[in-house]
Protein chains: 4
Amino acid sequence: MRNPMTTLKSNTPKKRSPPGRIKIMKALTTLLKKKDFHSITTAGIAAQAGITEGLIYKYFTDKKGLLYEVLKEHFESFLKGIEQNIKAEDSSLARLSIIIETTIASYAGNRVFARILLLEVRNSPDYFNCAAYGLVKIYAATILEIILQGQALGEINTDVDPHVFRQVILGAMEHACLGEVLFGSRMNTKQVSEKICRILFKGVQSS
Amino acid sequence: MRNPMTTLKSNTPKKRSPPGRIKIMKALTTLLKKKDFHSITTAGIAAQAGITEGLIYKYFTDKKGLLYEVLKEHFESFLKGIEQNIKAEDSSLARLSIIIETTIASYAGNRVFARILLLEVRNSPDYFNCAAYGLVKIYAATILEIILQGQALGEINTDVDPHVFRQVILGAMEHACLGEVLFGSRMNTKQVSEKICRILFKGVQSS
Amino acid sequence: MRNPMTTLKSNTPKKRSPPGRIKIMKALTTLLKKKDFHSITTAGIAAQAGITEGLIYKYFTDKKGLLYEVLKEHFESFLKGIEQNIKAEDSSLARLSIIIETTIASYAGNRVFARILLLEVRNSPDYFNCAAYGLVKIYAATILEIILQGQALGEINTDVDPHVFRQVILGAMEHACLGEVLFGSRMNTKQVSEKICRILFKGVQSS
Amino acid sequence: MRNPMTTLKSNTPKKRSPPGRIKIMKALTTLLKKKDFHSITTAGIAAQAGITEGLIYKYFTDKKGLLYEVLKEHFESFLKGIEQNIKAEDSSLARLSIIIETTIASYAGNRVFARILLLEVRNSPDYFNCAAYGLVKIYAATILEIILQGQALGEINTDVDPHVFRQVILGAMEHACLGEVLFGSRMNTKQVSEKICRILFKGVQSS
DNA sequence: GATGAATGAGTTTTCATTCAT
DNA sequence: AATGAATGAAAACTCATTCAT
């Protein structure tokens, strides 16, 4: 069984970006810290970036295309972080723990990233065709992979539906972070992650 | 311990709405089945309702205000359904099962409602001040209440953090329904609910 | 030479107004203390009056018609005040003094009246056909009358153009009151009136 | 004692305006000759200017903002005219005569300008914060300055209140022009100015 | 690599006014 | 004498996007 994330490297050709392009992406990132995407205007982006509106369309197909590009960049470094962390572990539950903790920490440490992913992009149908969503699929596939491994190795109960389990994991993490994104409330990411794992792994029912 | 939902009744004095108002709300509900809120125009609403655009602003402060009002109505009947269903049960886990199943069935059977709640409104800050969100809070409070009761009665392990558990429940449900909302895929709600409960109650770790 | 204001009485049939009508006029008066006419809506008037928008059109042809009616009422009592005051005086300059003082005091003591007259109505061509403007003409005619009398009696220099003199008087008074209307600043009406008369009667040039 | 109008020059750096901006301002000026500001629509302005409505909002914050800008331009050239004319004179009464005559001639020769100033803008509170009103204040300050100089030099009686005198001047001029603005009646500006000066300088009282 | 000028379609919103009851 | 429901026409403003230079 191969880790879906090993495909990653080939996806990242990395030509040096022209300065204007970088400024624009940074500007959107900055603005997303304060406002939601919809109330950010191209004029606003241009002003923040110190360039003209026209230039945005030199580097990006679209306002949304720009968003996806920003998201992709964030997601790439996010995935890289996860990839490195789970290499060390060998039990599948330990790997899931790592993924959960890393994900929550990423969301918490990068509110823009979380906001885009959890609130902004899901509305638009074309998001699901963009490069960033491709990375999300890799991420999700990785989780499923680990679950299946866990069941194969007898670490995870086989009467658990792996897809539903994945959904529970994803949902739990997202919801845990929603408060941060929406209200700016702070949480102890390590603690919350552990509490989630406690519930998911051992269940809540007293024996 | 009182059920937070008992406050509900007093909130609903319901003066007879004028016909135009009703038409407008129905029109929006209808339109939301086809398009997302943002691409629905007041002109479209008026046309669908068979009234004039101006009338919308007689009865609602805003296009958004209208949305919140529609949402509130949906949520009210949704809450009422839950309230009745959980009355019959006495164990707290059984109650949670009921809530999970009813919620998922509601989301699935009422994609409009789900789409609004999961995707549309969270973006706007003023949603969190609207009446509909008030009901969401009641709903969330009810879940927390049940969890605490479960711990008090020894049905739920006391080393489980009740707030995190609630988040896991909410997240799991939402994520389970996201596929339906986003891609229109169908699921067996009863089965999915049971699988979720299986995971949350007993955990995934093989003993 | 007749005083043009003696025509006044016949203009005022004074049927007892129905309560709704009175409420509406009071409401507009109240609102004019805070906002300018243009930003006052019929909805706002109805709300303030505690009646429904429809009723306004039972008693007044128009939103503007209502304004003119309010103005007329104010103007009638204003004219009555002047009429009484000037009776006592016999020199024409004394009469002009009285008119100036009374007018300024009226403006100052009734900002709504001043606001309507100096700012609101002049914009609309149909104002010059309304009953209130008829009263304004009476008022202006009275001033001219007095000036002519003054010249006939040798009290006012005959090389003074009576029409221009009237304009100077009207303009001086209006401008003196504009500050009050626009900025809400207070002034000593008696003193200002005297200063104006001092200038108009004796001139500014040092001899 | 410095002339307040000398500040003027530094206020006018005048970067070359883009053609669209110029067209828009010209268009409004043209339209104001026929209609009052309130019944001029942005659509009308755009049509007249041969540009699109949107462009108006690129260059001006607002429809009102545009009006104030137009007003400012008119006022600037008006002030410049006065400035030059009064340089030649040395007696303060002569200077006031010049100002009165130039002002009345300006109003009469430029009904748009007069209409805006005397009728349109005074209603809106934000006018008093705009650049155009700043120029009005300079103009008013200039008049006061001259009066004070006149008193210092013994040309104007010191028992005349300078502020009230200024108000009388301003009011007299405005009222004299009101007829033109409101009814389109023509007057002999030179003659009227002289008559006003006659009254203000020598008084009306026969000696 | 970047600018500046301009577009144009669309959208919400505002309000005076009417009329049946 | 008054209400409540509804109208309709216009009007201001927004913004992503294009393109010549």
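Convention: sequence-line order gives letters A, B, ...; per-chain numbering from 1.
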Using a 4.0 Å cut-off on heavy atoms, which residues in residues 30-42 of chain C reach DNA chain E? List them by number, or say none. C/Ile40, C/Thr41, C/Thr42
Rounded off to whole Å, could you give me the [atom1]-to-[atom2] distance for the [X] and [N] pair?
{"X": "C/Leu28", "N": "E/dA16", "atom1": "CG", "atom2": "P", "answer": "11 Å"}
{"X": "A/Ile24", "N": "F/dT17", "atom1": "CD1", "atom2": "C1'", "answer": "14 Å"}
{"X": "D/Phe60", "N": "F/dA12", "atom1": "CZ", "atom2": "P", "answer": "15 Å"}
{"X": "D/Lys63", "N": "E/dT13", "atom1": "NZ", "atom2": "C1'", "answer": "15 Å"}
{"X": "B/Ile45", "N": "E/dT13", "atom1": "CD1", "atom2": "C1'", "answer": "13 Å"}
{"X": "D/Ile56", "N": "F/dA11", "atom1": "CD1", "atom2": "P", "answer": "13 Å"}
{"X": "A/Leu66", "N": "F/dT17", "atom1": "CG", "atom2": "P", "answer": "11 Å"}

By ring-ring contact (aromatic ring centres under 6.0 Å, His included), which residues pair with A/Phe37, not counting sequence neighbours? none
Tell me every residue that passes ring-ring contact (aromatic ring centres under 6.0 Å, His included) with A/Phe60, counting only those two or more places apart in sequence or in another chain. none
Report the residues that fulfil side chain to side chain contact (heavy atoms under 4.5 Å, CB included) with B/Asp36, sequence neighbours left out, ordered by chain and then residue number. B/His38, B/Ser39, B/Arg115, B/Glu120
Counterpart residues, side chain to side chain contact (heavy atoms under 4.5 Å, CB included), relative to C/Leu31 (two or more places apart): C/Ile40, C/Ile45, C/Gln48
Working to the nearest 0.5 angstrom, can you tell me the gap between A/Ser77 OG and A/Phe113 CZ? 7.5 Å
How long is the gap from CD1 on A/Ile51 to CD1 on A/Ile24, to the nearest 0.5 Å? 4.0 Å
With distance as the sole test, does C/Ser124 use its side chain to make a donor-acceptor pair with the main-chain N or O of C/Tyr127 at under 3.5 Å? no
Both distances under 3.5 Å, Watson-Crick or G-U wobble: on that basis, could you give the dot-bracket string for DNA chain F, with [ ] for crossing pairs and | for other-strand partners? .||||||||||||||||||||
Could you pull out all residues at least two apart from [X] that satisfy side chain to side chain donor-acceptor pair (under 3.5 Å)?
{"X": "B/Glu53", "answer": "B/Thr42"}
{"X": "C/Arg21", "answer": "C/Ser17, C/Glu69"}
{"X": "A/Asn123", "answer": "none"}

What pairs of residues pass the side-chain hydrogen bond (donor to acceptor under 3.5 Å, both in side chains) test when at least one of them lies in residues 54-68 of chain D, not counting sequence neighbours? D/Tyr68-D/Asp126
Going 5' to 3' through nucleotides 4-9 of chain F and flagging B where a protein heavy-atom sits under 4.0 Å of the base, S where only the sugar-phosphate is that close, and - otherwise, we get BSBBB-
So which one's nearest nucleotide on DNA chain E is more toward 5', C/Ala43 or B/Tyr57? B/Tyr57
